[in-house]
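Numbering starts at 1 and runs along the sequence shown. Because the structure is predicted, anything quoted here is derived from the model rather than measured.
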Amino acid sequence: MQLKARFSKGVLKPLERLDLKEGTEVLITLDIGAAETGEQRRRRSKASAGAWGNPDDGERLKRVLQEARVAGSRDRQELS
């Protein structure tokens, strides 16, 4: 199930009705960038421009991206 929520005063508030029984425990994964508008993404992208160094160094960029994919594929730790 995916839904949008808003963080306000220390609480995540769903922006749509949840079909859950009272007291149901859930595991929440936050994907903060998913709710960004196109303009927010453009500003963030522009702010990070040049972070890779030489944009013509395609092989270096491929290595960095591959390393990030490998690091991101590690098992996630469960919160207790």
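Counting heavy atoms from C-beta outward, Leu30 and Leu12 have side chains that approach closer than 4.5 Å. No side-chain heavy atom of Lys62 sits under 4.5 Å from any side-chain heavy atom of Gln66. Counting heavy atoms from C-beta on, the side chains of Asp19 and Met1 never come closer than 4.5 Å.
Between Pro14 and Leu3, the shortest heavy-atom distance links the atoms CB-CD1, 3.6 Å. Closest of all the heavy-atom pairs between Glu16 and Lys4 is OE1-N, 4.1 Å.
Following chains of ILVMFWY side-chain contacts shorter than 4.5 Å, one cannot reach Phe7 starting from Leu15, and the two form parts of different hydrophobic clusters. When hydrophobic clusters are built by joining Ile, Leu, Val, Met, Phe, Trp and Tyr residues whose side-chain heavy atoms come closer than 4.5 Å, directly or via intermediates, Leu20 is grouped together with Ile28.
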